[in-house]
Every structure is written in structure tokens, then in C-alpha cells.
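Right, one structure below, let's go through it.
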Amino acid sequence: MDSTATASLASLWDEVSGTQPDPDLWVVIATLGAALAVVIPHGLWRISRNAITIAHEGGHGLVALLTGRTLTGIRLHSDTSGLTVSRGKPHGIGMILTAAAGYTAPPLLGLGGAALLGGGRITLLLWLATALLLAMLVMIRNAYGALTMLVTGGLFVLVSWLAGPQVQAAFAYVVVWFLLIGGVRPAFELQAKRARGGAGDSDADQLSRLTHVPAGLWFFLFHAVSLCSLIGGGRWLLEL
């Protein structure tokens, strides 16, 4: 029985960590178009931005844990805002990295996903994303956030377990394109909102108080990370 279970686990690991054939170029282009279609129009962006918020708040939470802070909860709101609460020193490198992780998380996740897809590891990408979503669900502290995570995580589970290879590949490419492209827009939106006198306690403002570096330079960092990730990830996906 033990040897059978071990063999099954080994077979499952080989399936997850192995490589899959790259989709045709037209599929990659079509998934790029699909991602653009849900990021550029304002109406659709108001809905799809919830997924970027998941990555944003997940970035805060993950870095908080990695830097030794205690993650107490994450909230996702219907206006696509979110809040991640952690305990620890209110200053220092841990707090700075945690605050900086939000706007940089979606494009960096997209870049990492592009690297996996560039290596043909479609199944591994889907399983890792599902695991991260399930782990994040445990830390959600409001009903809307839980519903959002269940819908998003459920979609990944369905595709990972029930869809065929071609559907899985198309879904994975849409997700990665969406993170790369959608990761660019929020920092520009925040900058525009601050220019109108709003968002006075944004991540950039918190970082400015923590580091005494002007918020404008933090915006430069956010833009640089997102745009470089888009360029680098796009080259991997298109195999340029």
C-alpha cells in the first residue's frame, strides 16, 4: 500500500512539474487580446480589477510573513480596494518591504508566471496559483473577500482538474497577460487620484513616511517594476 501511494505521489509530481507543449502563436496573441479586453474598458476593469486587488493584498501578506511580521487578516472590498493587517514593528525594513509589495506584486507575479510558461510549465503554474489562493483564503476576514476568493480559487480548481490541455494553456496565458497588463494600471490610477487630492494614505505615502523618500520616487519604482515586468514577461510569452 505504501509503495502504491509513493508511486502515485511520484506520478502526480511528475505530472505537475513536467513540461507541456507551447500553444500556437495565434493562441498567445488571442489571450493577449482577451487580457486587453478586460483591462482597457473602464466598465470591465471595475470588475476584473478585483483580481489585481487579490494579488496586491496577497503581496502585502506574503512579504509580511517572509519578513517575520504576524499576518492578522486581509479584507477585500467591493470597490476593489483592500486592506492587509499585520503586527510587528511599525518601522524598519520589514514594514518597508511589506508596504512596497502591494503595487509590485501583480506585475512580478505576472513575470514569474511568464517565466514558467516560457519553460512550458503550464500545470505547475496553475497548481501554484491555486495553492496561493487557498492559502490566502484562510486569512480573509470579510464576506465579500471570502466570496471573491472562493469564486477565483474555484475557477482555478475547475480548470486545473477538469479542463483539457488546450483550455488550461489558454487560461494560464490569459491569467499571466492579465497580471502583466493589469499590473500597470493601478499605480497610474492612484497617482491621478492623489493629484485630485485623494488617497492621502496610499502605499506610496506610507512608504514616504517610513523612509523619508518622496512619494513620487516610490511611484517611479511602481511604474518601473510594472513596465519592466510587462516588457520582459511579454518577450517570454511571445518568445521574442
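Quick note: numbers below take in every heavy atom, side chains included, and nothing from hydrogens, waters or symmetry partners.
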Considering all heavy atoms, the nearest [X]-[Y] contact:
| X | Y | result |
| --- | --- | --- |
| Arg87 | Thr72 | NH1-CG2, 3.1 Å |
| Leu207 | Ala99 | CD2-CB, 3.6 Å |
| Ala101 | Gly59 | CB-O, 3.4 Å |
| Met139 | Leu71 | CE-O, 3.2 Å |
| Thr123 | Gln20 | N-OE1, 3.1 Å |
| Pro107 | Ser226 | CB-CA, 3.6 Å |

With distance as the sole test, does [X] use its side chain to make a donor-acceptor pair with the main-chain N or O of [Y] at under 3.5 Å?
| X | Y | answer |
| --- | --- | --- |
| Gln206 | Asp201 | yes |
| Arg49 | Thr80 | yes |
| Thr53 | Ser81 | no |

- Query: Between Trp45 and Val38, is a side-chain contact (heavy atoms from CB on, under 4.5 Å) present by the stated rule, with each step listed?
  - Reply: CA-CA 6 Å; Trp45 174 242; Val38 296; over 6 Å; no
I need the [X] [atom1] to [Y] [atom2] distance, nearest 0.5 Å.
| X | Y | atom1 | atom2 | value |
| --- | --- | --- | --- | --- |
| Thr67 | Leu65 | OG1 | CG | 8.0 Å |
| Leu76 | Leu83 | CG | CG | 10.0 Å |
| Asp22 | Ile122 | CG | CD1 | 6.5 Å |
| Ile54 | Leu109 | CD1 | CG | 11.5 Å |
| Ser202 | Phe222 | OG | CZ | 7.5 Å |
| Asp24 | Ile29 | CG | CD1 | 11.5 Å |

Connected hydrophobic set around [X], excluding itself, where side chains approach under 4.5 Å:
| X | result |
| --- | --- |
| Leu66 | Leu62 |
| Ile231 | none |
| Val63 | Ile93, Leu97 |

- Message: List the residues meeting side-chain contact (heavy atoms from CB on, under 4.5 Å) with Lys89, not counting sequence neighbours, and say none if there are none.
- Response: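 His91.
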- Partner residues of His60 under the ring pair (Phe, Tyr, Trp, His ring centres under 6.0 Å) criterion, sequence neighbours left out: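 His60 satisfies ring pair (Phe, Tyr, Trp, His ring centres under 6.0 Å) with His56 only.
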Does one hydrophobic cluster hold both [X] and [Y], with members joined at side-chain heavy-atom distances below 4.5 Å?
| X | Y | result |
| --- | --- | --- |
| Ile74 | Leu134 | no |
| Phe156 | Leu147 | no |
| Leu210 | Phe219 | yes |
| Leu132 | Leu125 | no |
| Ile47 | Ile52 | no |

Measuring only between side-chain heavy atoms, which start at C-beta, is [X] closer than 4.5 Å to [Y]?
| X | Y | value |
| --- | --- | --- |
| Glu239 | Leu25 | no |
| Arg75 | Glu57 | no |
| Thr152 | Leu150 | no |

- Task: Could you walk me through whether Val213 and Ser208 pass the side-chain contact (heavy atoms from CB on, under 4.5 Å) test, one step at a time?
- Result: CA-CA 5 Å; Val213 173; Ser208 181; 5.9 Å; no
- Task: Decide side-chain contact (heavy atoms from CB on, under 4.5 Å) for Tyr103 and Leu221; before the verdict, give the C-alpha distance in whole Å, the side-chain angles of both, and the deciding distance to 0.1 Å.
- Result: CA-CA 9 Å; Tyr103 281 94; Leu221 172 66; over 6 Å; no
For residues 164-187, which side-chain N or O atoms pair as donor and acceptor with protein atoms under 3.5 Å away, sequence neighbours left out?
residue : atom : partner : partner atom : Å
Gln168  : NE2  : Val159  : O            : 3.1
Gln168  : NE2  : Ser160  : O            : 3.0
Gln168  : NE2  : Ala163  : O            : 3.3
Trp177  : NE1  : Val28   : O            : 3.4
Trp177  : NE1  : Thr31   : OG1          : 3.4
Arg185  : NE   : Glu189  : OE2          : 2.9
Arg185  : NH1  : Val39   : O            : 2.5
Arg185  : NH1  : Ile40   : O            : 3.2

- Task: Starting from the C-alpha separation in whole Å, work towards a yes-or-no answer on side-chain hydrogen bond (donor to acceptor under 3.5 Å, both in side chains) for Ser86 and Arg69.
- Result: CA-CA 6 Å; Ser86 61; Arg69 299 181 62 80; 2.9 Å; yes
- Task: Could you give me the CA-CA distance, side-chain angles and deciding distance for Leu128 and Thr130, then say whether side-chain contact (heavy atoms from CB on, under 4.5 Å) is met?
- Result: CA-CA 5 Å; Leu128 283 175; Thr130 302; over 6 Å; no
- Query: Any chance the side chains of Asp79 and Tyr144 put a donor and an acceptor closer than 3.5 Å?
  - Reply: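 No, because no side-chain N or O of Asp79 sits under 3.5 Å from a partner of the opposite role on Tyr144.
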- Message: Among Asp203, Thr211, Asp205, exactly one meets side chain to side chain donor-acceptor pair (under 3.5 Å) together with Trp218. Which residue is that?
- Response: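 Only match with Trp218 under side chain to side chain donor-acceptor pair (under 3.5 Å): Thr211.
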